[in-house]
2 protein chains.
Amino acid sequence: MLLTRASEYALLALDIIRNSEKPKGAEQLSNELSIPKSFLAKILQGLAKEGILESKKGAHGGFVLVKKSSEISIASIVIAAEGKTPAVFDCSQYSATCPNGIIGSCTISPFLVTFQSKVDTFLQKLTLEDIFN
Amino acid sequence: MLLTRASEYALLALDIIRNSEKPKGAEQLSNELSIPKSFLAKILQGLAKEGILESKKGAHGGFVLVKKSSEISIASIVIAAEGKTPAVFDCSQYSATCPNGIIGSCTISPFLVTFQSKVDTFLQKLTLEDIFN
DNA sequence: CTAATTAAGACTATTTTACTCTAATTTATA
DNA sequence: TATAAATTAGAGTAAAATAGTCTTAATTAG
Ligand code: SF4
Ligand code: SF4
């Protein structure tokens, strides 16, 4: 699985948030989507940290979009939700996790790197607006 | 992670096997690649079942390629190694695992399906020969 | 016959994912 | 200014997937 629940929940929540005038609270979103509140809250906090959402504390608080849908890439959302960019494989980003220490001379490494870059590009080019239209 | 160790080991092993005249045993491969023998054996058995490798039992046995490298898609290897096609997400193949039962009306499902199909196509078009050249 | 090898399947260990819980902080508004 | 409604932070837990192990059986070249 390239994506986890975190990305799913982030995208589902963002679709609701972008269609709302007022800030949407974590509890309200979790009800509408039938997903665990604490978990969703965590994810939304992550999106806020990355500057995708603005969070308003206190009564009548909640989350609102800061940018236009067309200015938010799916890549940025997924990275914020997962805490890292989704990897095709351990070493597909040269993250130095080769158990054999053979990165560089590995026969399949070039394939993995190309594959990863295809995925990266796909996600970077797509925006929130794209996927909901 | 879209791919697991099983795919990595399968590909690394296949590169050695295709460059060998004689059948390659699981033990020999596991030594050359420094990967656990039992685990590799399991994976090779899977490749044999899918008709990617031929296995020869008994003394001087081992594994050989049955088709030409250019006739073996990476997709078929990965499917054999993983036991299933690598999924972008739970529901990206309409495998009916939607916890909300909203497949069909889900706002992000179209995106997931397109993403999955991009990945599928990429892996289907690539052959063993391609990635080692 | 026998040593070398694959086959099959149950089992275990490790890691990652998917949460949960509690306490602290902020803020609109009554 | 008190209060209730929210986010924030971080530790902790449960479940699932990954990555392996082990043992026994079946083949087969020599
Ligand atoms: S051996 Fe190759 S594929 Fe495996 S981790 Fe190292 S670089 Fe990556
Ligand atoms: S809600 Fe949408 S994304 Fe989530 S599992 Fe169901 S169909 Fe897939």
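So that the names make sense, note that chain A is the first sequence line, chain B the second, and so on, each numbered from 1. Predicted, not measured: the structure shown is a model, and the values here were computed from it.
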task = Rounded to the nearest angstrom, tell me the gap between atom CD in B/Q45 and atom P in D/dT27.
result = 14 Å
query = Can you name the closest pair of heavy atoms from A/T107 and B/D15 and give their distance?
reply = CG2-OD2, 3.0 Å
request  = State whether a side-chain donor-acceptor pair under 3.5 Å links B/E129 with B/S70.
outcome  = no
key: Boundaries of the chain B footprint along DNA chain C (any atom under 4.0 Å from a heavy atom)   = C/dA4 to C/dA10
ask   = In whole Å, what is the span from the CG atom of A/L44 to the C1' atom of D/dA9?
value = 15 Å
ask   = In whole angstrom, what separates A/I17's CD1 from D/dA6's P?
value = 14 Å
query = So, B/S55 versus B/Q45: side-chain donor-acceptor pair below 3.5 Å or not?
reply = no
request  = Determine the interplanar angle of the A/F111 and B/F122 rings, folded into 0 to 90°, and report it as parallel if under 30°, tilted if 30 to 60°, perpendicular if over 60°.
outcome  = parallel
ask   = For nucleotides 13-26 of chain D, read 5' to 3', which letter fits each nucleotide if B means a protein heavy atom sits under 4.0 Å from the base, S means only the sugar-phosphate is that close, and - means neither?
value = ------SBBB----
task = Kindly give the heavy-atom pair with the smallest separation between A/I52 and A/A80, and that separation in Å.
result = CD1-CB, 3.9 Å
Distance in angstrom units between A/H60 NE2 and D/dT7 P, rounded = 12 Å
note = Note: for A/K56 and B/K56 on DNA chain D, the residue whose nearest nucleotide lies more 5' is A/K56
query = Going by distance alone, is a donor N or O of one side chain under 3.5 Å from an acceptor N or O of the other, for B/E82 and B/T4?
reply = yes
Under 3.5 Å side-chain donor-acceptor pair for A/D120 and A/Q116 = yes
task = Can you sort out the partners of B/D130 under side-chain hydrogen bond (donor to acceptor under 3.5 Å, both in side chains), two or more places apart, ordered by chain and number?
result = B/T127
inquiry  = Please classify the nucleic acid contact of A/A48 as base, sugar-phosphate, or nothing, using heavy-atom distances under 4.0 Å.
reply    = nothing
